[in-house]
Each structure stands twice: as structure tokens, then as C-alpha cells.
Amino acid sequence: MSTGHIPVLLPEVLEALAPLQDAAVIDGTFGGGGYSRALLAAGARVTGIDRDPQAVARGQELAGQAAGRFVMVEDTFSRLDSVLEPGTAAGVVLDVGVSSYQIDTAERGFSFQKEGPLDMRMGADGPSAADVVAQLTEAELTRLFQVYGEEREARRIARAIVQDRAATPFTTTLELAGLVSRVAGRGPPGPIHPATRVFQALRIYVNDELGELQLALAAAERVLAPGGRLVVVAFHSLEDRIVKGFLAERGQQGPGSRHMPAVAGPAPTFDTAGRKAVPPSDAEVAANPRARSARLRSAIRTEVPARSRPVNRPEGVPPLDEVSRRIVRKVRTGGG
Ligand SMILES: C[S@@+](CC[C@H](N)C(=O)[O-])C[C@H]1O[C@@H](n2cnc3c(N)ncnc32)[C@H](O)[C@@H]1O
């Protein structure tokens, strides 16, 4: 069982969201409530969102203690603009990824070091990691491990999974971690476990993490009032790239230079001037190694109306609902 979640970059998050007195803030990733509690203590009114029913139960407890200044909503953060009127939020904060509660609870199936069901769903529905490993073709699994895991041995791992699952389906974390170690774990032991990237890829896919993030950034643009703050803490480069790209696209254009004159584009919906990516301090990393790869990015909403934005999804990896359709089709045709 987990002993709790230590909030990452908390003073930096509060500073980037300031001023907070009486501000209406959406905490799109409630988790253990570390940010929400600090926001309440700083005088904000907070709406917490989480897709995980266990996090929602923690949030409901907090709502009971917060004298009408905190509301907990069970939902995905891609819909964070449904909890307040458009153009009214003073702040939106996202701390994307999994909580220590989730990773440390073996039954949730996130950890390749603890035996549990091969699940990895943050929410209560949708296909599990076991479903994905059972349903995707060898080519799709290869692409999944390449794109979401940046795994060099993707092809060999996918081939071994497809061979082995014909005899026995993968149902537990250690069965899959064992296969990956066997196929990709040759050579001297390195600093990271051989199954790290495969587990990361499955987790990202099962929870549509990158699609959710792209949708949430666009939703934040709609829900924030002019002057409102957007703050995102990301933990790996795939997420951070999305946040960085969004803010570059939507952010205040620089004045240009002799070599690269400013190009007239659509008016910026966010002001990013003077706001750089913030890493954790050495002291924070020493106290909480899980903060190691965190990066905070923030921006201030301008008065320019929100724009629409398509979600980019990689080619060669089927949409998540295709996994559910394949399961239904197999059951109907008696294929298991
Ligand atoms: C890193 S934790 C947040 C920790 C929190 N800031 C704290 O200090 O306690 C991330 C949380 O976001 C939730 N989450 C991740 N993706 C989500 C999504 N797309 N929609 C809603 N909640 C999500 C997870 O269930 C998890 O509880």
C-alpha cells in the first residue's frame, strides 16, 4: 500500500499561479490533494478533478472539511472546461502522470516490480494493459513501444509477446516484466529496469495520456479568464514536448531579430514572456527522487479568443476504442 504522494514543485506551482486570494482555480489532477490543500490554504477556491475513483474519494473527504471552498469532480481533465463557465477561471494546474498512490498499490498494475494484475487504468473503465497486450498485432505493439516508450528493442519484444500469448495470455505485471527482461535485458544491468519503457508505453496508451493532455491545454485556453494562469508539471519528454509546443504555438511572439524577423501570425492566446521551464531544486530531488524529471511550464492567458486545435495521434497505433471493439468481436465470434 502507498504511504501517500509528496507534491512536486509545490512552492513553484503556487508562485506561478499567484495571486491566489479568492481566485477560482481548477486542479485537474487532484491525486493526493497536495496542490489543492496548498491552494486552499493560500485563499483560493478550488475545483479538483481526477479520473481515479480512489483519488475522488480522498477529494470528497477534503470537500467535507473545506467549508464550501472546494468541490471534487470525477472526470478526465480533457473536460476541465465543463466545471466552470468559459473565460472565468483564474488558474488551471495540471500535474500529469501517476500518483504515488497508484504506482505503489500493486493491485493497480502500474509497477513492474510488484506482482499485480496487468491493469494500469487510472480511471474505472476502458481496456486494461492486459487487453492491449492481448489484442494489438505485432506491428501495432512494435509501434506502440517505439512511439510511447522510445524502446529500441520494440520489434523483438512485440514478436516475443505475440509468440508467447498464443499459449498463455499475459495477465500479470511480473509475467510481462519477466518477458521483457528475457528479451531486452541482456548485457550488464543498467540504471533502469529493462521493462521501464514498455510499461511507460502501455500506461500512456491505456490512459490516452498524450491525447488527454492536448485536449486539456485547449480546454484550459477556453476556461481561463484574461490574466488567468496555466501551470503544467510534466514528468517525461513526450508530455513536456506537447506543453512546450502548445505554448510556443499560442504564446506571445518575440520581437524578432536581425536573423529571424518576427512573423505575423494569429494573435497570441497566452503570454509566456519571462516564464522559462522550471526544474526541481537539488534539495527537492534529494528529498523526493520521483521529482527528478519534473518540469514546470506556465503562461498567462491573454484576451484573444480561444482557437480550435486538432489532436495529433501517431500513425500505426489504433485508437483505444478499437481495442474494445476487437474484444467484442472476438467474444461474438467465439474467439475468447
Ligand atoms: C501526479 S498525480 C497528482 C498529484 C497531486 N498534484 C498532489 O499533489 O497530490 C496525478 C493524478 O492525476 C490523475 N490523472 C492523470 N491523468 C488524468 C486525466 N486525463 N484526467 C483526470 N485525472 C487524471 C491521476 O489519476 C492522478 O491521481
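This chain uses plain numbering: 1 for the first residue, then up along the sequence. Whatever order the structure lists ligands and atoms in, that order sets their numbers, starting from 1.
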Pick from [options]: the one approaching [atom] most closely through a non-hydrogen atom:
{"atom": "atom 10 (C) of ligand 1", "options": "G97, S99, G59", "answer": "G97"}
{"atom": "atom 6 (N) of ligand 1", "options": "D95, D75, L215", "answer": "D95"}
{"atom": "atom 1 (C) of ligand 1", "options": "L213, V98, T29", "answer": "V98"}

Side chain, backbone, both or neither: which part of [X] has a heavy atom under 4.0 Å from ligand 1?
{"X": "D208", "answer": "neither"}
{"X": "Q102", "answer": "side chain"}
{"X": "Y101", "answer": "neither"}
{"X": "N207", "answer": "neither"}
{"X": "M122", "answer": "side chain"}

TODO: Determine, using heavy atoms of F30 and all atoms of ligand 1, whether some pair is separated by less than 4.0 Å.
DONE: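 Yes.
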Task: Sub-4.0 Å heavy-atom approach of I49 to ligand 1 - done: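 Per 4.0 Å heavy-atom rule, I49 does not contact ligand 1.
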TODO: For Y35, counting its heavy atoms only, list the atoms of ligand 1 lying under 4.0 Å from any of them.
DONE: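 This gives 6 (N), 8 (O) as the contact atoms.
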- [ ] Could you list the atoms of ligand 1 found under 4.0 angstrom from a heavy atom of D52?
- [x]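 Here the atoms of ligand 1 in question are 25 (O).
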Shortest protein heavy-atom distance from [atom], along with the residue and atom involved:
{"atom": "atom 17 (C) of ligand 1", "value": "F77 CE2, 3.2 Å"}
{"atom": "atom 27 (O) of ligand 1", "value": "D50 OD2, 2.7 Å"}
{"atom": "atom 7 (C) of ligand 1", "value": "G34 N, 3.4 Å"}
{"atom": "atom 22 (N) of ligand 1", "value": "R51 N, 3.2 Å"}

- [ ] Fit a plane to each ring of F70 and F30, take the angle between them on a 0 to 90° scale, and name the class: parallel (under 30°), tilted (30 to 60°) or perpendicular (over 60°).
- [x]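 Ring orientation, 0 to 90° scale: tilted.
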- [ ] State, to 0.1 Å, how close Y101 and G32 come at their nearest heavy-atom pair, and which atoms those are.
- [x]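 Looking at all heavy atoms of both residues, the closest pair is CE1-CA, 3.5 Å.
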Task: Closest heavy-atom pair and its distance - A294, V8 - done: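 That would be CB-CG1, 3.6 Å.
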Less than 3.5 Å between some nitrogen or oxygen of [X] and one of ligand 1, yes or no?
{"X": "G33", "value": "yes"}
{"X": "V96", "value": "no"}
{"X": "E212", "value": "yes"}

Return all side-chain donor-acceptor pairs below 3.5 angstrom for residues 225-232, not counting sequence neighbours, or 'none' if the list is empty.
unit_1, atom_1, unit_2, atom_2, d
R229, NE, A18, O, 3.0
R229, NH1, G227, O, 2.7
R229, NH2, A18, O, 3.4

- [ ] Answer yes or no: is there a donor N or O on one side and an acceptor on the other, between the side chain of R295 and the main chain of D240, under 3.5 Å?
- [x]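 Such a contact is absent between R295 side chain and D240 backbone.
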TODO: Check whether any side-chain heavy atom of R250 sits under 4.5 Å from a side-chain heavy atom of R307, and report yes or no.
DONE: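 When only atoms from C-beta onward are counted, R307 and R250 do touch, with a gap below 4.5 Å.
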